[in-house]
Amino acid sequence: MSDILPYLYAILWFLLAIGTFAFGKKNKLGAITVVASIMFIFMGIWWTIDALIPSVSLLKGTYGIIVRVVIAVFVLIMLFMYLRIKKNGKK
């Protein structure tokens with residue numbers, strides 16, 4: 001089971017990307033769902049590469065720090081987009 005688990009994580013990220021994009025398109029939520037989908041695609045690619053090349057270990061050490069910083073940047077971008085939408089909605 002542990003050999004399959006990294007691939008399941010990658011599939012999960014890709015499914016979340018598709019689901020987020022579809023949900024955003026259906027409910028007309030705009031750019032914030034596109035940014036979230038791009039983040040999930042990035043995470044799916046990162047986890048897929050980590051599963052295919054286990055000797056590199058992309059989730060530990062320097063590579064782990066890089067992926068966490070990139071995810072934090074995505075989350076901050078989405079937070080600022082959300083706050084801007086809320087601010088414009090109150091006016």
With a 3.5 Å cut-off and sequence neighbours excluded, list the donor-acceptor pairs that the side chains of residues 67-85 form with protein atoms.
{"from": "Arg68", "atom 1": "NH1", "to": "Gly64", "atom 2": "O", "distance (Å)": "2.9"}

Pairs under 3.5 angstrom only: tabulate donor-acceptor contacts from the side chains of residues 34-59 to other protein residues two or more places apart or in another chain.
{"from": "Ser37", "atom 1": "OG", "to": "Ala17", "atom 2": "O", "distance (Å)": "3.2"}
{"from": "Ser37", "atom 1": "OG", "to": "Phe21", "atom 2": "N", "distance (Å)": "3.2"}
{"from": "Ser37", "atom 1": "OG", "to": "Thr33", "atom 2": "O", "distance (Å)": "2.9"}
{"from": "Trp46", "atom 1": "NE1", "to": "Leu58", "atom 2": "O", "distance (Å)": "2.9"}
{"from": "Thr48", "atom 1": "OG1", "to": "Gly44", "atom 2": "O", "distance (Å)": "2.7"}
{"from": "Asp50", "atom 1": "OD1", "to": "Leu58", "atom 2": "N", "distance (Å)": "2.8"}

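- Chaining together hydrophobic side chains whose heavy atoms lie under 4.5 Å apart places Leu15 alongside Ile11.
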